[in-house]
2 protein chains.
Amino acid sequence: MKRAPPTILDVAKLAKVAVGTVSNVLNGKVPVSDSRRRRVQKAIEKLGYTQNILATGLRRRRTPMVGVCVPHTSVAYFSALVDAFEEVGADRGYKIIQVLTRLDPAQELDRVQALLHYHVAGLILVPSIQPDRTLKALARSGTPVVIIDRPTGTNIFDEVTFDNRGAMFDVARRLIALGHRRIVLIVQQPKLSTTRLRIRGLREAVAEAGDSAAALIVQCGPDEITLTSRLASLMREANPPTAFVAANNTIAAWLMRALRSLKVDFPGDVSVMAFGEPEWADLVTPRLSVVRQPTGEIARMAWELLIRRMNDEKTPIRHVELKAEIIMRDSVASNPPRATADPKVTRR
Amino acid sequence: MKRAPPTILDVAKLAKVAVGTVSNVLNGKVPVSDSRRRRVQKAIEKLGYTQNILATGLRRRRTPMVGVCVPHTSVAYFSALVDAFEEVGADRGYKIIQVLTRLDPAQELDRVQALLHYHVAGLILVPSIQPDRTLKALARSGTPVVIIDRPTGTNIFDEVTFDNRGAMFDVARRLIALGHRRIVLIVQQPKLSTTRLRIRGLREAVAEAGDSAAALIVQCGPDEITLTSRLASLMREANPPTAFVAANNTIAAWLMRALRSLKVDFPGDVSVMAFGEPEWADLVTPRLSVVRQPTGEIARMAWELLIRRMNDEKTPIRHVELKAEIIMRDSVASNPPRATADPKVTRR
DNA sequence: TTGAAAGCGATACCAT
DNA sequence: ATGGTATCGCTTTCAA
């Protein structure tokens, strides 16, 4: 039963006007007399006409959609971002579509190029470890872009990030104040700009504490098993770490399972923190302390910058850095453990 | 520095061939002599030419992208599906894009129509509560579609679902065998086809158990607070329920927090189960028992059906129903609680 | 095989 | 304001 969908020409014929007039009614940019406008609208209604975006896009060299590119949706932080953009981006008729870049520079380039080939009006990107080629393609295309979460170190795009260095610095300081001296940061991708900033923050805090404190960076490997075995050997060392910070909720989950299987008690023997706020943070025992990233704010701000840039390609470039919030729960305790109410259990 | 991107015409000129020849090289459908083919390829290389999908799509009335439409990404089940499709769909040059439908029939229609206007080659949809208009639009468009997760009750699209009725039936049976007599199913959307099937499964199991057993359906409302207050009054009743089943991980998290704030001990006083397998299922105490949906299989099967239909629009319609897996962990216990190893604690 | 030319469905400019 | 028409970049006959 499917016949060819009606075109603007069909509408024009039925309304007895020129195609240009129909186009003008559609886009509401050029004035059209009331009588014709009504005729056109009636015809559109009758025919069930809908615009062919491909044709429009071909002509206009731009289609009304905005791409949001994130690595995965399994990391709660990213899925929160995606949901937040959907919430915020209903504006002005832009349609939002997501593509997944999978931590892989090649796939990132591929997916972003696909979006560019569709001549999207704008694009929001969480860059991968090695985004150079993607960024170059983006710059060459002239498409409005807002980079989020991971600073590129360049000054060619608007950016909305949050203060990873500062957050990690604060976290480390608090751990140190609680008596922790060997702090481990578990990362997935050491080369990521955010990872680097976190490492820097950690090192700074440790340096501030003097010789007694040390920072360790552990790369977690691709799966839980690998992480577990790394932790096992780490905990067997002479002077094992007493505090762990996981880079995201996935690693946090691996870490907690690993600690349990290794019979390392937390927060008794070690303290645990994570970046991101998964829904289970306060469901587990002990409740997980986290660095809560301002996803809603990031999305709102990024969208705002994107709109601005889509309206005026040459508005000055802005880099916005937001603050994260540290939420301390039971998974962090002092080290060595302090005396409890029961005097017999006193240690130290 | 951005000049107009090269077109097929530029390539043709540089290679001194007709545009049609370039097109033939590009699509590899019509044979082209080796010498010209090489010239064309060299020219493409030199110019950095890339096809304009909008123009191609306009001509072909179809673009090489496949849309995946899910409600949210915050429900682990959906984000797992999205990731699985990305994994599976790298095939044959189709690009996958996601759109979010937000549990809202209007937004669903809107987003799906946006995809249709781009003349996507195919579409995978988790339908909303009231997908009628969307389905109609889809059917009219003639676009290959595979429905997943929620059966439509129609026979116009391929479907890949899993056996919600059977899974719920089995779960209820096991709970009943453990002595539970009042079983609560907490749902978000009572009208959803999957919800209905689960309710049916629950009712059947309860009926089988005779008069002693009862099924309760609780609608959880939009947030945790609402659910908590509903549960509070429920637990105050004369004959409070002893088993809860949550429809997804979000509700499971709400439920667990609610029970804790109400000081209801589980699995002591009540048992808890959930549909879906969030990463935290075995991190919480007690470890959460779940119905694990076969996301990978669903994605694989759906993709296969979609490819089949994209290649042959009139292949017979197939409905595939997969089985879920029930994973029992500590959150489910017998009721009333059985004697423990310690004889003094024996109850009943 | 290859080249020339007719659209695909819309926009935008140019007269009127 | 309105109608007519060139044009966007590509695919696809149709002849040669």
Side-chain angles (χ1 to χ4, degrees), chain A residues 2-41 43-44 47-65 93 116-121 141-142, chain B residues 3-41 43-44 47-65 93 114 116-121 141-142:
Chain A
K2 85 184 166 184
R3 56 198 181 297
T7 74
I8 199 172
L9 195 73
D10 299 322
V11 175
K13 267 186 204 140
L14 183 58
K16 299 190 196 308
V17 299
V19 288
T21 305
V22 178
S23 175
N24 290 334
V25 170
L26 252 33
N27 301 302
K29 215 53 197 165
V30 176
V32 175
S33 73
D34 267 14
S35 67
R36 284 161 186 274
R37 148 166 293 116
R38 256 193 298 281
R39 264 154 56 205
V40 168
Q41 278 161 344
I44 288 179
L47 264 40
Y49 167 80
T50 64
Q51 221 170 343
N52 183 325
I53 308 189
L54 262 28
T56 308
L58 178 56
R59 207 35 245 250
R60 285 243 184 98
R61 322 180 73 99
R62 198 109 293 180
T63 58
M65 78 183 182
L116 291 182
H117 286 167
Y118 280 98
H119 295 257
V120 293
S141 78
Chain B
R3 58 195 180 299
T7 74
I8 200 172
L9 195 72
D10 300 321
V11 175
K13 267 186 204 143
L14 184 59
K16 299 191 197 304
V17 300
V19 289
T21 305
V22 178
S23 174
N24 289 334
V25 170
L26 252 32
N27 302 302
K29 215 54 198 164
V30 176
V32 175
S33 73
D34 266 15
S35 69
R36 287 164 181 269
R37 147 166 294 116
R38 255 193 299 281
R39 263 155 54 205
V40 168
Q41 276 161 346
I44 288 179
L47 264 39
Y49 166 79
T50 63
Q51 229 172 336
N52 182 323
I53 309 190
L54 262 27
T56 307
L58 178 57
R59 207 38 245 249
R60 286 243 184 98
R61 323 179 72 99
R62 198 108 292 182
T63 58
M65 79 182 182
L116 291 182
H117 287 167
Y118 281 97
H119 294 256
V120 294
S141 77

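Each chain gets a letter, A, B and so on, in the order its sequence line appears, and its residues count up from 1. If you're wondering where the values come from, they're calculated on a predicted model, not measured in any experiment.
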Subject >> Nearest atoms (heavy-atom pairs only) where B:I8 meets B:V19 >> reply: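 Heavy atoms only, the tightest pair is CD1-O, 3.9 Å.
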For the residue pair [X] and [Y], establish whether any side-chain heavy-atom pair is separated by less than 4.5 Å.
X     : Y     : answer
B:T21 : B:R37 : no
A:I44 : A:L26 : yes
B:P64 : B:I53 : yes
A:T63 : A:T56 : no
B:Q51 : B:N27 : yes

Original post:
Between the side chain of A:R62 and the main-chain N/O of A:A121, is any donor-acceptor distance below 3.5 Å?
Top reply: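 No; zero donor-acceptor contacts below 3.5 Å.
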**OP:** Would you grab the first and last nucleotide of DNA chain C (5' to 3') that comes under 4.0 Å of any non-hydrogen atom in chain A?
**Re:**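 Span of nucleotides near chain A: C:dG9 to C:dA12.
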Original post:
Can you give one letter per nucleotide of nucleotides 9-16 of chain D, going 5' to 3': B for a protein heavy atom under 4.0 Å from the base, S for sugar-phosphate only, - for none?
Top reply: BBBB----
